[in-house]
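Residue numbers start from 1 in every chain, and the chains themselves are labelled A, B, ... in the order their sequence lines are given, proteins ahead of strands.
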2 protein chains.
Amino acid sequence: MAMSYITEKHILDRELKKGSAELLILSLIEDQPRHGYDIGNLIEQRSGGLLRFNVASLYPLLYRLEKRGWIQGRWVEKPGQRRRRYYRLTPEGKKVLAAQRISWREFVEAINRIIGMEHA
Amino acid sequence: MAMSYITEKHILDRELKKGSAELLILSLIEDQPRHGYDIGNLIEQRSGGLLRFNVASLYPLLYRLEKRGWIQGRWVEKPGQRRRRYYRLTPEGKKVLAAQRISWREFVEAINRIIGMEHA
DNA sequence: AGTAATATATGACATAGCCATATATTACTG
DNA sequence: CAGTAATATATGGCTATGTCATATATTACT
């Protein structure tokens with residue numbers, strides 16, 4: 001999960017990734033609880049490697065979301081596995097996710113309008 | 001151009017805005033040189049008020065873009081007007097803008113894939 | 001036994017956005 | 001003509017947060 005920003009393109013990627021992080025995490029645990037490492041890998045896989053989370057960003061972000069009451073974590077210990085902390089959406093988190101999805105859509109449309117990509 | 005973030009929705013907006021700022025500015029001066037204040041107002045107007053730039057963010061960002069050689073500013077003084085610094089895209093900036101438009105599109109598609117908004 | 005992968009954790013540093021404020025000029029309004 | 005608003009650029013200080021580097025612990029593989 002190491003980052004590597006070499007070109008100008010990557011500078012943009014790095015910046016853009018910041019704000020969408022919450023939305024990604026909330027979406028991924030919408031249907032089932034997941035642990036941090038799983039979330040990080042899913043984001044990388046499903047984005048075709050375009051989006052990657054540094055673990056040093058991912059875990060603190062999970063703590064913040066839990067502190068805000070949007071997600072709730074619990075430790076799960078199974079034989080033959082290292083202990084994992086599974087996070088699930090709280091009722092408050094569900095509301096926030098719904099609001100953020102709308103916000104994301106409006107945001108993308110606003111940007112596209114300004115940069116001339118209505119058809120994107 | 002003052003900011004006001006009250007709801008959770010706005011927290012997301014604030015974060016999201018960060019990475020797209022460069023793309024917005026480069027796009028707006030693509031066809032004609034513009035000064036900072038004009039750019040700030042255009043972003044607010046064309047986004048229907050959704051995107052707003054604090055001047056304390058806008059001007060330093062313009063300096064950074066100029067320092068990187070993507071934009072070039074020059075002072076213009078006209079009678080009956082306060083002096084303005086007009087920025088234009090450099091050849092290097094044009095290349096960066098083209099790359100960032102592609103990057104933006106890929107980014108949006110990757111996010112949508114993960115959060116379940118393919119149809120958005 | 002050694003290495004890689006899995007999984008979580010955190011201190012230190014750097015980036016960069018925002019608040020508040022400042023300055024200067026022009027336009028409007030009572 | 002005095003006061004206020006709008007235009008236009010500028011910046012010090014605070015804060016949030018992402019990244020680098022590193023640490024720890026467990027399991028799987030060879």
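For the atom pair CG of A:L23 and CD of A:Q100, the computed distance is 5.5 Å after rounding to the nearest 0.5 Å. Atom CD1 in A:I71 sits 7.5 Å away from atom CG in A:L61 (nearest 0.5 Å). Taking OG of B:S47 as the reference point, atom CZ of A:F107 lies at 10.0 Å (rounded to 0.5 Å). Between the OG atom of A:S27 and the CZ atom of A:R101 there is a distance of 4.0 Å, given to the nearest 0.5 Å. Here CG of B:L26 is found 14.5 Å from NZ of B:K95. Values are rounded to the nearest 0.5 Å.
Inter-residue side-chain proximity for B:E22 and B:V96 is flagged as unmet; no heavy-atom pair is nearer than 4.5 Å. Residues B:E30 and B:L97 are in side-chain contact: their nearest non-hydrogen atoms beyond the backbone lie under 4.5 Å apart. Using a 4.5 Å cut-off on side-chain heavy atoms (C-beta onward), A:I39 and A:L62 make contact.
Picking from D:dT17, C:dA9, D:dT9 the nucleotide with the shortest atom distance to the side chain of B:V55 gives D:dT9. Nearest to the side chain of A:R68, among C:dT10, D:dT17, C:dC19, sits D:dT17. Side-chain proximity of A:Y59 to the nucleotides D:dT17, C:dT10, D:dT9 is greatest for C:dT10.
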**Prompt:** Tell me, for nucleotides 24-30 of chain D in 5' to 3' order, what letter each nucleotide earns: B for a base near a protein heavy atom under 4.0 Å, S for only sugar-phosphate near one, - for neither?
**Reply:** -BSSS--
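None of B:R74, B:Q72, B:E66 except one satisfies the side chain to side chain contact (heavy atoms under 4.5 Å, CB included) rule with B:Y87; the exception is B:E66.
Within 4.0 Å of B:Y86, counting heavy atoms only, lies no atom of the nucleic acid at all.
The phosphate of D:dT9 has neither OP1 nor OP2 within less than 4.0 Å of any side-chain N or O from B:Y37. B:Y63 has no side-chain polar atom (N or O) that falls below the 4.0 Å cut-off from OP1 or OP2 of D:dT9.
For A:N54 and D:dT17, the CG to C1' distance is 12 Å, given to the nearest whole Å. Rounded to an integer number of Å, the gap from CZ of A:R64 to C1' of D:dT15 is 12 Å.
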**Item:** Dot-bracket line, read 5' to 3' along DNA chain D, where crossing pairs take [ ] and | marks a partner on another strand, Watson-Crick or G-U under 3.5 Å
**Value:** ||||||||||||||||||||||||||||||
